[in-house]
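Quick notes on the structure that follows.
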Amino acid sequence: MTLTGQSLVAGQWLGQGEHGEFHAFSPAQNTPLATRFFNIGAVELTAAVNAAQDAFLEYRKTTYAQRADFLDCIATHILALGDNLLEQTQLETNLPFARLQGERMRTVNQLKAFANALRENPESPLGLKLVDEADPTRAPMAKPHTELNYLPLGPVAVFGASNFPYAFSTLGGDTAAALAAGCPVIVKNHTAHPGTGELMARAVLAAIKECAMPLGVFAMVQSKAYDISHQLVAAPQIKAVGFTGSFNVASMLQDTIAKREEPIPFYGELGSINPQIILPNKASKEAKGIAQSLCQSMLMGNGQFCTSPGLWLVPTGCDELETEVADNICRSVSDTLLTPGIVNTFKHQINQRVELADVSLLGKGMLEQDFHANAHVFACSADSYLTTPQLHEEVFGPAALIVRYDSEQQLMMVINQLEGQLTASIHGTDNDLTQAEPIIEALQYKVGRLIKNQMPTGVEVCGSMNHGGPFPSSTDIRSTSVGTNAMLRFMRPICYQA
Ligand code: NAP
């Protein structure tokens, strides 16, 4: 499938290179790819937000059933892209084919889950409508009839992440949730997979035409120039932002949003170190098994998951567990990371850790190519961890830190000092867990998802999922970016009286 390198604005493909161009990158070859992608200009972006505003007036009147058909139709057109989509994404990300097949299916099912939720509750999102009957006899004042329902907010800007080119990108959870809510979407495509974004935009355009939706209901803009991202979130027509990515970029976009005349919600899904707490009996009785599970989970996607377990809290003296970790890590073979920027940051953070006096390198994977990232597991005492803020940062890539605790009291000190996390797991035998109530009680206030005896990687898409967490893992603790509840982010309550 030949790519145009253009942006989709109000049903038109725009961009000829007048605002500069960029190339996608092949992580496998460590070279730029040949296709040119054209930066969108300020005028074209303004056209996209105006078209989204116009489309909103029409799209917000669609029934839930019509929106459900639209979402299903998008899902069908994604599948119709066939292996061309998978091949393009593999070229741009070097993620394994099987992983991409799975993520594509998850993305398609996510669109269908929103469609089903809309059909099941055709009068209000997730059946949340509330009615209070009138009581004209109430004294001293009659009680009015009131109904609480929900309206879409308006056009939504979406920024995807590099590491989930389908599930958290162009047609990922934020886009699906906003369209389900009745909001047009403008996606700032991720420059790590621009061709994937173009193909996805073709799928939406086909669905827009098939379902006779307004052309401005979806736009996809390509740009390597960050002022376009800032122009997008500053545009008065934009009424909310869905963002998946790094803490630093989220802060920059929030600074721009803070200067707007009208404040808008910014839903930033950011990084996390996902602490794994290994309780004493588990650590001694199942040392090998838990060590292997931790290593496997951390190595998934070469450590490029927002749910990757980056901090392992282990009782001091667990030699068998630590030896097994070291063996597993030393046997692991390096792989690519998604972008040269991610490689540079990873290597910089690893070097910083190597230089810390109180931190030892427990195991290091084999480095096959110098542009690859090889796994590293470090270890330090709880005291060192508590006094070294640098160790609390997410390392995006295959790295983890074992923190050895001497007592439950010390473990509690580490837990109490944790920043907000997307997830944490507590691993214990039945005996461990019956005594872990204070740990669990404290931990639940640090996380969005608390897991017992399972690894954090893999986020189920379902109604009861919560993917978000206390700051800085996300910027709005009250909502999820995964699961059908996510559509409520892009709606607001309205009360109809009488
Ligand atoms: P990123 O570098 O923050 O990129 C995210 C988006 O911000 C991209 O669209 C990027 O555009 C844009 N951007 C980058 N620099 C910018 C700037 N100076 N001004 C304005 N926009 C800018 O993040 P990433 O590398 O794609 O993703 C990795 C991070 O995402 C990790 O921290 C990971 O934990 C997190 N993540 C979180 C979740 C979650 O659900 N919580 C899921 C997946 C990933 P360009 O394409 O032009 O660079």
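Counting starts at 1 for both ligands and their atoms, following the listed order.
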Identity and separation of the nearest protein heavy atom to atom 19 (N) of ligand 1: H230 NE2, 3.3 Å
So which protein heavy atom does atom 2 (O) of ligand 1 come closest to, and at what separation? S246 OG, 3.9 Å
Which residue and non-hydrogen atom of the protein lie closest to atom 35 (C) of ligand 1, and at what distance in Å? G245 O, 3.4 Å
With backbone taken as N, CA, C and O and side chain as the heavy atoms from C-beta onward, which portion of S229 lies under 4.0 Å from ligand 1: side chain, backbone, both, or neither? side chain
A161 heavy atoms, cut-off 4.0 Å: which ligand 1 atoms fall inside? 26 (O), 27 (O), 43 (C), 44 (C)
Quick one: do L253 and S229 satisfy side-chain contact (heavy atoms from CB on, under 4.5 Å)? Show the steps, please. CA-CA 8 Å; L253 292 176; S229 303; 4.1 Å; yes
Considering non-hydrogen atoms of the protein only, which is the closest contact for atom 41 (N) of ligand 1, and what is the distance? L270 O, 2.9 Å
Would you call the rings of F346 and H376 parallel, tilted or perpendicular, taking 30° and 60° as the class edges? perpendicular
Show the atoms of ligand 1 that are less than 4.0 angstrom away from any heavy atom in K188. 9 (O), 11 (O), 45 (P), 46 (O), 47 (O)
Nearest non-hydrogen protein atom, atom 4 (O) of ligand 1: H190 NE2, 3.6 Å
Can you tell which part of N163 has a heavy atom less than 4.0 Å from ligand 1: side chain, backbone, both or neither? side chain
Test of understanding: given a 4.0 Å heavy-atom threshold, classify the contact between Q304 and ligand 1 as side chain, backbone, both, or neither. neither
Aromatic rings Y267 and F490: how do their planes relate, parallel, tilted or perpendicular, breaks at 30° and 60°? perpendicular
Ligand 1 atoms nearer than 4.0 angstrom to some heavy atom of F243 are 3 (O), 5 (C), 6 (C), 7 (O)
If you apply the rule side chain to side chain donor-acceptor pair (under 3.5 Å), what do you find for N274 with T307, and how did you get there? CA-CA 6 Å; N274 307 297; T307 50; 5.5 Å; no
Proximal atoms of ligand 1 relative to E394 (non-hydrogen, under 4.0 Å): 31 (C), 32 (O), 33 (C), 34 (O)
What is the distance from atom CG of N39 to atom CG of L45, rounded to the nearest 0.5 Å? 12.0 Å
Centroid-centroid under 6.0 Å between Y385 and H392 rings: yes
Are the side chains of D54 and P214 in contact, using a 4.5 Å heavy-atom criterion? no
List every atom of ligand 1 that sits less than 4.0 Å from any heavy atom of M252, numbering the atoms from 1 in the order shown and giving each element. 18 (N)
Sub-4.0 Å atoms of ligand 1 with respect to non-hydrogen atoms of I342: 25 (O)
Check against side-chain contact (heavy atoms from CB on, under 4.5 Å), M200 and I78: CA-CA 7 Å; M200 286 297 203; I78 291 175; 3.9 Å; yes
Which part of L422 is near ligand 1, with near meaning a heavy atom under 4.0 Å away: side chain, backbone, both or neither? side chain
If you have a sec, work out which protein heavy atom is nearest atom 36 (N) of ligand 1 and how many Å separate them, to one decimal? C306 CB, 3.7 Å
If we ignore hydrogens and angles and just use 3.5 Å, is the side chain of S334 paired with the main-chain N or O of E368 as donor and acceptor? yes
Could you pull out, from T191, I273, V482, N248, the option with a heavy atom nearest to atom 47 (O) of ligand 1? T191
Audit row: Q296, Q292, side chain to side chain donor-acceptor pair (under 3.5 Å) steps and yes/no: CA-CA 6 Å; Q296 270 166 18; Q292 285 161 7; 5.7 Å; no
My understanding is that we take every heavy atom of each candidate and find the minimum distance to atom 48 (O) of ligand 1. Doing that for F396, Y226, F22, which one comes out nearest? Y226
F218 and T175: side-chain contact (heavy atoms from CB on, under 4.5 Å), yes or no, with the steps? CA-CA 9 Å; F218 178 85; T175 300; 4.1 Å; yes
Nearest non-hydrogen protein atom, atom 22 (C) of ligand 1: V249 CG1, 3.3 Å
Quick one: which ligand 1 atoms are inside 4.0 Å of a heavy atom on S162? 24 (P), 25 (O), 26 (O), 27 (O)
Measure the spacing between CE of M465 and SG of C462 and express it to the nearest 0.5 Å. 5.0 Å
Would you please classify the geometry between the Y59 ring and the F70 ring as parallel, tilted or perpendicular, with 30° and 60° separating the classes? perpendicular
for atom 40 (O) of ligand 1, nearest protein heavy atom and its distance come out as H467 NE2, 2.8 Å
Which ligand 1 atoms, with their elements, are less than 4.0 angstrom from a heavy-atom of G160? 5 (C), 6 (C), 8 (C), 9 (O)
